[in-house]
Q: 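Structure below; questions to follow.
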Number of protein chains: 2
Amino acid sequence: MSVIFSRQCEYALQAVLYLALKQNGEMTSIRELTKKLKIPYHFLAKILQSLAQKGLLSSLKGPTGGFSLGMPADEITLFHIVEAIDGVAFMHNCVLGFPDCSGENPCPVHERWGGLREELYSMLVSRNIGQMARELTKPEYKT
Amino acid sequence: MSVIFSRQCEYALQAVLYLALKQNGEMTSIRELTKKLKIPYHFLAKILQSLAQKGLLSSLKGPTGGFSLGMPADEITLFHIVEAIDGVAFMHNCVLGFPDCSGENPCPVHERWGGLREELYSMLVSRNIGQMARELTKPEYKT
DNA sequence: ACTTTACCAGACTTGTTAGTCTTAAATTAG
DNA sequence: CTAATTTAAGACTAACAAGTCTGGTAAAGT
């Protein structure tokens with residue numbers, strides 16, 4: 001089981017962080033991404049296409065083609081990616097699965113999870129992917 | 001998508017909380033549980049059987065039979081249930097899915113998620129299901 | 001003993017996610 | 001123009017999770 005996000009979403013987050021390292025409008029091919037990130041080629045292709053359709057990435061065909069961010073890196077947060085791939089159900093669903101969980105009818109961890117959920121949200125929006133990518137020291141992201 | 005736990009796990013947590021409300025060795029049938037909690041009968045049966053095999057519940061066949069907690073309610077935490085059904089991968093896997101994420105090779109949210117994970121763990125172990133059940137006001141748990 | 005009530009066990013079906021494959025379309029370089 | 005390269009699109013398969021069904025076994029009450 002993945003931790004919170006689907007595998008698709010994890011791959012998307014990794015790929016977008018990688019693209020955030022590239023300057024201006026430099027294009028990166030799926031081939032390069034799958035090589036660096038060890039993600040199945042055609043699967044990643046579908047994910048990137050989906051992100052491109054939603055405007056988070058822009059793409060170009062042909063040699064020298066590939067993918068790049070669809071907007072400035074400092075305007076994209078991890079939350080944007082999660083929202084596009086997995087949706088935001090985790091922001092309002094009960095963590096114990098009670099269909100009717102609410103403030104008046106709380107589950108045993110309602111308050112506690114509410115706090116955690118806010119912190120989780122903050123983790124996803126408080127920094128943009130430009131900042132994150134610059135601080136990144138992961139060897140698989142090196143040229 | 002479920003928030004963090006599988007649907008099986010959510011059902012298990014709900015059912016065990018319900019059982020924690022019953023006194024001493026009183027038995028509760030699957031029928032009663034599915035009626036109160038709106039969980040598919042045969043699916044819940046399989047989940048309870050699995051919990052019984054792992055010792056978290058005890059079961060009895062025949063009329064007056066059913067399920068009850070396999071140990072005192074104040075010795076069971078939500079974490080015990082999660083551990084039995086979903087496992088504890090969420091306690092050590094990278095939230096962004098990086099296979100090699102670690103202290104020396106951290107993902108952009110490594111530290112942040114580390115703190116959240118500990119709080120999540122604490123949410124699951126700091127109170128036992130006996131306490132939780134007693135404070136529970138959910139109408140579907142009423143007789 | 002017999003009948004009823006419940007759990008037990010495992011096969012089965014369905015739905016969703018993950019991953020693969022093939023053909024088409026666009027762009028670049030020669 | 002042509003060939004090579006790369007994304008686009010959609011069908012296809014595989015694996016897993018969710019949910020159903022059937023026949024069996026144990027216990028209780030009469």
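Note on naming: letters A, B, ... go to the chains in the order of the sequence lines (proteins, then strands), and numbering restarts at 1 for each one.
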Q: Say whether A:Ser50 and A:Lys46, considering side chains only, have a donor N or O and an acceptor N or O under 3.5 Å apart.
A: no
Q: Are any of A:Arg31's side-chain N or O atoms less than 4.0 Å away from OP1 or OP2 of D:dT5?
A: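 False: A:Arg31 side-chain N/O out of range (4.0 Å or more) of D:dT5 OP1/OP2.
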Q: Could you state the NE2-C1' distance from A:His42 to D:dA14, rounded to the nearest angstrom?
A: 16 Å
Q: Measuring from atom CG of B:Leu69 to atom CD1 of B:Ile76, what distance do you get when rounded to the nearest 0.5 angstrom?
A: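 It is 4.5 Å, given to the nearest 0.5 Å.
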Q: What pairs meet the side-chain hydrogen bond (donor to acceptor under 3.5 Å, both in side chains) rule with one or both residues in residues 61-70 of chain A, with sequence neighbours excluded?
A: A:Ser58-A:Ser68
Q: Would you indicate whether the side-chain heavy atoms of A:Thr34 and A:Phe43 approach each other to under 4.5 Å?
A: no
Q: Heavy atom of residues 48-62 of chain A under 4.0 Å from DNA chain C: which residues?
A: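 Close to the strand are A:Lys61, A:Gly62.
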Q: Are side-chain heavy atoms of B:Val109 and B:Leu116 found at a separation under 4.5 Å?
A: no
Q: Among the candidates D:dA18, C:dA6, D:dT6, find the nucleotide nearest to the side-chain atoms of A:Ser29.
A: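 Per side-chain heavy atoms of A:Ser29, the pick is D:dT6.
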Q: How about B:Ile81 and B:Ile129: do any of their side-chain heavy atoms sit closer than 4.5 Å?
A: no
Q: Whether B:Tyr41 contacts D:dA18 is assessed here as follows: a side-chain N or O lying under 4.0 Å from the phosphate OP1 or OP2. Is that the case?
A: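 No.
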Q: Just how far, in rounded Å, is P of C:dA18 from CD1 of A:Ile47?
A: 8 Å
Q: From A:Ile4 CD1 over to B:Trp113 CH2, what is the distance, rounded to the nearest 0.5 angstrom?
A: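 So the gap between those two atoms works out to 3.5 Å.
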Q: Using whole Å, report how far CZ of B:Phe43 lies from C1' of D:dG19.
A: 6 Å
Q: Would you mind reading off the distance between B:Tyr11 atom OH and D:dA17 atom C1', rounded to a whole angstrom?
A: 12 Å
Q: Rounded to the nearest Å, what distance is computed from the CG atom of residue A:Leu33 to the C1' atom of nucleotide D:dT7?
A: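 The answer, rounded to whole Å, is 13 Å.
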Q: Check whether any side-chain heavy atom of B:Tyr11 lies under 4.5 Å from a side-chain heavy atom of B:Arg7, and answer yes or no.
A: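 B:Tyr11 reaches B:Arg7 side chain to side chain.
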Q: Atom CE of A:Met27 and atom P of D:dT7: how far apart are they, to the nearest Å?
A: 10 Å
Q: If you check every side-chain atom of A:Ile30, which of C:dT20, D:dT7, D:dT20 has the closest atom?
A: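 Shortest atom-to-atom distance from the side chain points to D:dT7.
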Q: Quick check on contacts: within residues 63-71 of chain A, what sits under 4.0 Å from DNA chain D by heavy-atom distance?
A: A:Pro63, A:Gly66, A:Phe67
Q: Rounded to the nearest Å, what distance is computed from the CG atom of residue A:Leu44 to the C1' atom of nucleotide D:dT6?
A: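 The distance from CG of A:Leu44 to C1' of D:dT6 comes to 14 Å, rounded to the nearest Å.
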Q: May I have the distance from B:Glu32 (atom CD) to C:dT5 (atom P), rounded to whole angstrom?
A: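 Going from CD in B:Glu32 over to P in C:dT5 covers 16 Å.
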Q: Would you confirm whether A:Gln14, through its side chain, and B:Gly97, through its main-chain N or O, come within 3.5 Å as a donor-acceptor pair?
A: yes
